[in-house]
Undergrad: 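Got a structure for you, questions after.
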Amino acid sequence: MQQTLIIDLAQHLGEEITLKGWVRTIRHSGKLLFIVLRDGTGEVQCVAFQPDLGEAAFDTAKRLTMESSLIVTGTAKPHQKQTGQFEVAVKSIQPVQIAEEYPIGKKEHGPDFLLSNRHLWIRSSKQWAVLRIRHAVYYAICDYLNQNHFIRFDSPILTPNACEGTTTLFELDYFDEGKAYLSQSGQLYLETGIMSLGRVYDFGPVFRAERSKTRKHLTEFWMMDAEAAFVEHAQNMQIQEELIRFVIRRVLETCDAELTLLERDKEALRAADAPFKIMTHRDTIDYLRSKGSEITHGSDLGAADEVLLTQDSPVPIFIEKWPKEIKAFYMKRDPNDPDLVLGSDLIAPEGFGEIIGGSQREDDYELLLSRMKAENMPLDDYQWFLDLRKYGSVPHSGFGVGLERLVTWMSGIHHIRETIPFPRMIYRIYP
Ligand code: 4AD
Ligand code: MG
């Protein structure tokens, strides 16, 4: 019989249906057998009564274990106790495979054990919920961009040059061409794309050989880079704000059950869907110092500073106009202060830290060249990038969203490693 998905049960009340999935839990009492079956789209309790199945079939069904795969036919009906929920009165149960004793049980497991069993851990309900939120966030970002005339422009992963400095580059030998690097961000290539398509984005894995062992760092993560011609610094931040508020609303609308399962504070998410704050880097440092931080002017924020900064703010905060020494070579100088650049970091509330980095780009050939020379960059590898400033250079801006950072915030979970199917960190590459 054709498979019905659990998520569609409401449309099949009273009908005989077939469900296919796995045993979440199983228990029996006398002539009754209760199986919570999950099929990827949801979970439903299936209740089997021995006289309906026959004694032999009932005994076979009793041998099903946690995570065994099975096919159930029965009738869908409203749950006897929980309103809005359904259950299935079982007519037959067909085991597909009886699972061995499942290593992830009810007892508490340490993170190392769970990460080593990531291929199984993803079936747990919280992991399931986070992965579904990731899916929703991913498509919300694409929908916003598509609705706003950004064209997808896939950037390469194997590159001859660095985008975000050389300290976090993964290097490999590339045939006779010498060294190649795994991309840290597609931004530089997107800057070529706007000259053809106006507004572009990419969305894919990027790589950073991060030595940081924190709850916010992966060595392989997904980034959406967006870039737009004739957009300047202030409008660049406006686009980021619209995008993030669009994502928040989409997650609240489509992931209510997942957020509930994760015990996410939905009010906090709702409150973040309001005008974002903008502070200069200078004012940010003064504010943090007034709150007791020892951070000094000219330096980057640490994790504790990000927490302190947002602790009284329900909305994300843009930190703009950074000292040029601590930001990337491509950022445009502030015309009012040559020591600053027109860059912004967007800091999520509730201590979730930086979710976006962006800037207006230096569009003047000489200024860009002098900055690259000052940083001893290998100019030959960037000739194509400099060319853009020779042939119809325009003011332009862009930004990069860290997908896993955003999903961590939306889900309200502690560690970024749970937001990607197979996290890659400095101390972990298995499975
Ligand atoms: O701030 P970043 O380094 O900016 C860029 O790479 C720009 N080229 C983007 C652009 O303008 N198109 O990285 C962007 C975002 C960060 O704000 C953060 O959310 C995420 O990428 N990110 C990481 N996420 C997980 N693990 C890491 N190690 C990350 N490093 C950055
Ligand atoms: Mg950054």
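Each ligand, and each atom within it, is numbered from 1 in the order the structure gives.
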Undergrad: Take atom CZ of F422 as the centre, draw a 6.0 Å sphere, and report whether it contains more than 12 heavy atoms from other residues, nucleotides or ligands.
TA: yes
Undergrad: Is the closest N or O pair between D225 and ligand 1 shorter than 3.5 Å?
TA: yes
Undergrad: Classify the contact between Y201 and ligand 1 as side chain, backbone, both or neither, using a heavy-atom distance cut-off of under 4.0 Å.
TA: neither
Undergrad: Kindly confirm or rule out an N or O of H217 lying under 3.5 angstrom from an N or O of ligand 1.
TA: no
Undergrad: Do ligand 1 and L218 have nitrogen or oxygen atoms that lie under 3.5 Å from each other?
TA: yes
Undergrad: Looking only at protein heavy atoms, which one is nearest to atom 16 (C) of ligand 1, and how far off is it?
TA: E354 OE2, 3.2 Å
Undergrad: Please say which of R371, E362, Q187 ends up in a side-chain hydrogen bond (donor to acceptor under 3.5 Å, both in side chains) with Y330.
TA: Q187
Undergrad: For ligand 1, which atoms have a heavy atom of I416 less than 4.0 angstrom away?
TA: 25 (C)
Undergrad: In Å and rounded to the nearest 0.5 Å, what is the NE2 to CD1 distance from H135 to I133?
TA: 12.0 Å
Undergrad: First locate atom CZ of R38, then atom CD of E67, and finally report the distance between them rounded to the nearest 0.5 Å.
TA: 4.0 Å
Undergrad: If you draw a 6.0 Å radius around CZ in R282, do more than 12 non-hydrogen atoms from other residues or ligands fall strictly inside?
TA: no
Undergrad: For ligand 1, note which part of K216 has a heavy atom under 4.0 Å away: side chain, backbone, both or neither.
TA: backbone
Undergrad: As an exercise, identify every atom of ligand 1 less than 4.0 angstrom from a heavy atom of I355.
TA: 17 (O), 19 (O)
Undergrad: Would R27 pass as a cation-pi partner of F34, given that its NZ or CZ must be under 6.0 Å from the six-membered ring centre and within 45 degrees of the axis?
TA: yes
Undergrad: Please compare R208, E191, E227, E220 and report which has the shortest non-hydrogen distance to atom 6 (O) of ligand 1.
TA: R208
Undergrad: Judging by distance only, is a nitrogen or oxygen of R361 under 3.5 angstrom from one on ligand 1?
TA: yes
Undergrad: Look at atom CD of Q383 and say whether more than 12 heavy atoms of other residues, nucleotides or ligands are closer to it than 6.0 Å.
TA: yes
Undergrad: Which protein heavy atom lies closest to atom 31 (C) of ligand 1, and at what distance to 0.1 Å?
TA: F221 CZ, 3.5 Å
Undergrad: Quick one: do E191 and R389 make a salt bridge, cutoff under 4.0 Å?
TA: yes
Undergrad: Quick check: of its N, O or S atoms, which one does E354 have closest to the Mg ion (ligand 2)?
TA: OE2
